Structure formats: structure tokens, C-alpha cells
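Remarks on the structure that follows.
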Amino acid sequence: MIRLSAFADEISADLDEQIAVLQSEHIAYIDLRGVWHTNILDLSDQQILDIKQTLSRQNIGVACIASPLGKVSITAPFSDSLQRLDRAIELANIFQTPFIRMFSFYPPILSEEDVESGAVVDPTGWRDVVHTRLQEMTLRASRSAITLLHENEKDIYGDTIARCVDLLQSVDDPHFRAAFDPANFIQCQQTPFPDAYNALHSWVSYIHVKDALIDGSVVAAGEGQARWPDILHRLRKQHYDGFFSLEPHLSAVGQFHGFSGPERFRQASQAFQKLLQDMQWEYA
């Protein structure tokens, strides 16, 4: 059976408020990204223990460690990324989830002089470096039976359909899979359905729930250009049985964190749950 999860730091920085809203929406899982205004990878061991005990008492499971791995320049020291990955793996084991969300690095930022001269960054020039790094990260994750979920985020190397396919084909490992985000594809002038879905469906192991208008502004699922009813019907036909994780971004969108607030999160949750109910697709 499919299950609902959420980036609950979109509700509030406070863990108790996150849980209260999740429970009011009958959502039993969480994508751990941030608590108390701090990224999950930067919390202390004691804070992690407190979170684990609180979630356990409230019967909230952890679907994924929603890390920012790979959301740095490709020119940054790779040793830093590996150290962060080790922490993410440790947390995945603590919270008993097989999934860590990650990204495929930013191409270098051009200097002002380069921009003035009309130069542009060609991401394909960094293909070999990106692929080598992701292969090493996947190998390290696989040793702990952890699957890395690559999110197609705007402006990272793997933001377009073609580069996502190339990454997944190149790494070619069951511990490196796709977290499918339709809204992000829209923001990259890519067509999420049918184009991105048809190209990537054999690698999709996780779904991020948000939508966007043609100008890139984020809206609740079903209100934008993502064609959510079509995506859901195709997923059901192909026997998808994983997580749908709400990441609404309805109030604010940042590089490392989106925000909706309690009421707008509920709006996004109810919009998506209605889509599932309309097609009588049972979920937990």
C-alpha cells in the first residue's frame, strides 16, 4: 500500500507542532530535513535521540533522511561530502529508514567578468566528476544497505530529464534511485508528464508531492502543470507501492528549505489526499 510522508519542517521548526499537524492530517511518516531551525545532519547526538524518542512515542515513522548532500558546488572538497554522507548513513540506521535524499552538485558559479563577457556554464563539462562522485557515494551507501534518492533539483547537474537518465544509467546500481519531483521539472522548463515520467519510471522509488505553474511558482498538487491525476493513474497501473512525500513550498522557497506553515500545509495535504480519494487509491 502507498504511504504518505512529509517534509514536516515546512509546517514549523518545532517538532511538537510538526507532529500535531501530521497527525491531524493522518500522515504517519516524516522526511527528516530540519528541526529547531537546524538541518538534520547538524543536530547533536542528544537532539537526535530526543527526536527519535518523541517520534516513537507518537507513532511517527521516518520515511527518509532528507539530507542536503550534493547541494554544494562540484568544486567543493569531496571529503566534506563523504563526511556528511557518513553522518546521513548513521542517522538512517538510527531512524531505521533505507532512504537518503541527495543531489548531484552545482556546476561552478561564473565570476562577474565571465558573465559580462557572455560566458555560460556547460554542466556537461563536469559529467565525469559528478558521475565519479555519485558512484563513490552510492558504493558507500550500499555497504549499509542504504539507497540514495537523487532529486531533480533546479540548477544542480541532474536537473534535466536527459542528465537524470544519464546519471542513473551511469551509476547503474539498485542503491541509486530517483526521487521524482514534477514541480522541479517544470521549473527547469521540462515536461514532467509524460516526458520525464516515461524516461525515468524504471528508476523511480520515491515521489515528491508539489506542483508548479508554467512560470515556476509552486502550487498545491493538481493546481499546476504537473498533470498529477495522470501521474497517479500511471503509477497505480505500474503498481507503485512507495511513499508520496508532501513538500508543498507554498509560502516560501529557499535553496535549502521551503516553508508552508500549518494552514497552507493542510491545504496541500488535503488537495493531494483528495486526488487519491477521487481515484479510490487506498493509502496509509
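These numbers were taken from a predicted model, which means no experiment stands behind them. Quick note: numbers below take in every heavy atom, side chains included, and nothing from hydrogens, waters or symmetry partners.
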Write down the atom of Leu22, the atom of Ala6, and the distance for their closest heavy-atom approach.
CD2-CB, 3.7 Å
Centre of Phe105's six-membered ring, under 6.0 Å away, within 45 degrees of the axis: is that where NZ or CZ of Arg133 sits?
yes
Show, in sequence, the C-alpha distance, side-chain angles and deciding distance for Phe99 and Phe95, and conclude whether the ring pair (Phe, Tyr, Trp, His ring centres under 6.0 Å) test is met.
CA-CA 10 Å; Phe99 296 126; Phe95 289 105; over 10 Å; no
Are side-chain N/O atoms of Tyr197 and Gln238 paired as donor and acceptor at under 3.5 Å?
yes
Before we go on, tell me: are the rings of His201 and Phe180 under 6.0 Å apart, centre to centre?
no
Apply side chain to side chain donor-acceptor pair (under 3.5 Å) to the pair Gln46 and Asp50, showing each step before the final yes or no.
CA-CA 6 Å; Gln46 183 59 55; Asp50 291 344; 2.9 Å; yes
Side chains of Phe185 and Thr191, heavy atoms from C-beta outward: is any pair under 4.5 Å?
no
Assess the residue pair Tyr283 and Gln277 against the criterion (side-chain contact (heavy atoms from CB on, under 4.5 Å)); give the C-alpha distance rounded to whole Å, side-chain angles, the decisive distance to 0.1 Å, and a yes or no.
CA-CA 9 Å; Tyr283 57 94; Gln277 292 160 5; 2.9 Å; yes
Decide yes or no for Leu232 and Tyr240: does some side-chain heavy atom of the first lie under 4.5 Å from some side-chain heavy atom of the second?
no
If every non-hydrogen atom of Pro262 is compared with every non-hydrogen atom of Glu17, which pair is closest and at what distance?
CG-OE2, 3.3 Å
Between Ser245 and Asp31: side-chain donor-acceptor atoms closer than 3.5 Å
yes
Does any part of the side chain of Ile100, heavy atoms only, come nearer than 4.5 Å to the side chain of Ile89, both counted from C-beta?
yes
Looking at Phe243, does the NZ or CZ of Arg3 lie under 6.0 angstrom from its six-membered ring centre and within 45 degrees of the ring axis?
yes
Donor-acceptor pair, side chain of Thr97 and main chain of Ala92, under 3.5 angstrom
no
Give me the ring orientation class for His131 and Tyr157: parallel if the planes are under 30° apart, tilted from 30 to 60°, perpendicular past 60°.
perpendicular
Do Trp203 and Ile2 sit in one hydrophobic cluster, given that two such residues count as connected whenever their side-chain heavy atoms are within less than 4.5 Å of each other, even indirectly?
yes
What is the minimum heavy-atom distance between Leu41 and Pro68, and which atoms define it?
CD1-CD, 3.8 Å
Does Leu149 share a hydrophobic cluster with Leu168, counting links as ILVMFWY side-chain heavy atoms below 4.5 Å and allowing steps through other members?
no
For the residue pair Gln273 and Glu25, establish whether any side-chain heavy-atom pair is separated by less than 4.5 Å.
yes
Ring pair (Phe, Tyr, Trp, His ring centres under 6.0 Å) with Phe103: which residues, sequence neighbours excluded?
none
Between Trp228 and Phe272, does the ring centroid distance fall short of 6.0 Å?
yes
Within this structure, what is the CZ-CG distance for the pair Phe244 and Leu275, rounded to the nearest 0.5 Å?
10.0 Å
Thr160 side chain vs Arg163 backbone, donor-acceptor pair below 3.5 Å
yes
Can Glu10 and Arg33 be counted as an ion pair, charged N to O under 4.0 angstrom?
yes
Is any side-chain heavy atom of Phe7 less than 4.5 Å from a side-chain heavy atom of Lys210?
no
Do the side-chain N and O atoms of Asp14 and Ser12 include a donor-acceptor pair separated by under 3.5 angstrom?
no
CG/Leu213 to CD/Glu223 distance, rounded to the nearest 0.5 angstrom?
8.5 Å
Does Arg266 reach the side chain of Ser24, with side-chain heavy atoms less than 4.5 Å apart?
yes
Does a donor on one side chain and an acceptor on the other come within less than 3.5 Å for Tyr206 and Glu151?
no
Please assess Glu153 against Asp159 for the test side-chain contact (heavy atoms from CB on, under 4.5 Å), listing each intermediate value before the final yes or no.
CA-CA 5 Å; Glu153 175 91 354; Asp159 60 355; over 6 Å; no
With rounding to the nearest 0.5 Å, note down the distance linking CG in Leu55 to CG in Leu32.
6.0 Å
More than 12 foreign heavy atoms under 6.0 Å from CD of Glu282: is that the case here?
no
Do Leu91 and Leu49 sit in the same hydrophobic cluster, where Ile, Leu, Val, Met, Phe, Trp and Tyr count as joined when their side-chain heavy atoms come under 4.5 Å apart?
no
Rounded distance (nearest 0.5 Å) linking atom CD of Gln190 with atom SG of Cys164
8.5 Å
CG-CG distance between Leu235 and Asp241, expressed to the nearest 0.5 angstrom:
10.5 Å
Distance-only side-chain donor-acceptor flag, Thr54 / Gln58, under 3.5 Å:
no
Would Phe265 and Val21 satisfy side-chain contact (heavy atoms from CB on, under 4.5 Å), going step by step from the backbone distance to the final call?
CA-CA 9 Å; Phe265 178 87; Val21 173; 3.8 Å; yes
Looking at every heavy atom in both Ala268 and Ala220, which two are closest together, and how far apart are they?
CA-CB, 4.2 Å
Acceptor/donor pairs from residues 76-86 side chains to any protein atom, 3.5 angstrom cut, sequence neighbours excluded:
from	atom 1	to	atom 2	distance (Å)
Arg84	NH1	Asp42	OD1	2.6
Asp86	OD1	Arg140	NH1	3.4
Asp86	OD2	Arg140	NH1	3.1

Salt-bridge present (Arg101, Asp181; N to O < 4.0 Å):
no
According to a hydrophobic-cluster definition based on side-chain heavy atoms being under 4.5 Å apart (Ile, Leu, Val, Met, Phe, Trp, Tyr only), do Val72 and Leu148 belong together?
yes
Between Arg234 and Asp230, does any NZ, NE, NH1 or NH2 come within less than 4.0 Å of an OD or OE carboxylate oxygen?
no
Is there a side-chain contact (heavy atoms from CB on, under 4.5 Å) between Glu247 and Val209? Walk through the geometry before answering.
CA-CA 6 Å; Glu247 190 188 14; Val209 180; over 6 Å; no
If Ile, Leu, Val, Met, Phe, Trp and Tyr residues are connected whenever their side-chain heavy atoms lie under 4.5 Å apart, and connections chain through other members, are Leu167 and Leu139 in the same group?
no
Distance check, rounded to the nearest 0.5 Å: Gln267 atom CD versus Glu263 atom CD?
9.5 Å
Within the structure provided, determine whether Gln187 and Val218 are in side-chain contact (heavy-atom separation under 4.5 Å).
yes
Evaluate the criterion salt bridge (Lys or Arg N to Asp or Glu O under 4.0 Å) for residue pair Asp211 and Arg227; output intermediate values, then yes/no.
CA-CA 9 Å; Asp211 207 337; Arg227 294 179 58 181; over 6 Å; no
Distance-minimising heavy-atom pair for Ile186 and Ala226
CD1-N, 3.6 Å
Heavy-atom closest contact (Asp166 atom, Arg127 atom, distance):
OD2-NE, 2.6 Å
Thr138 vs His175 side-chain heavy atoms within contact, under 4.5 Å:
yes
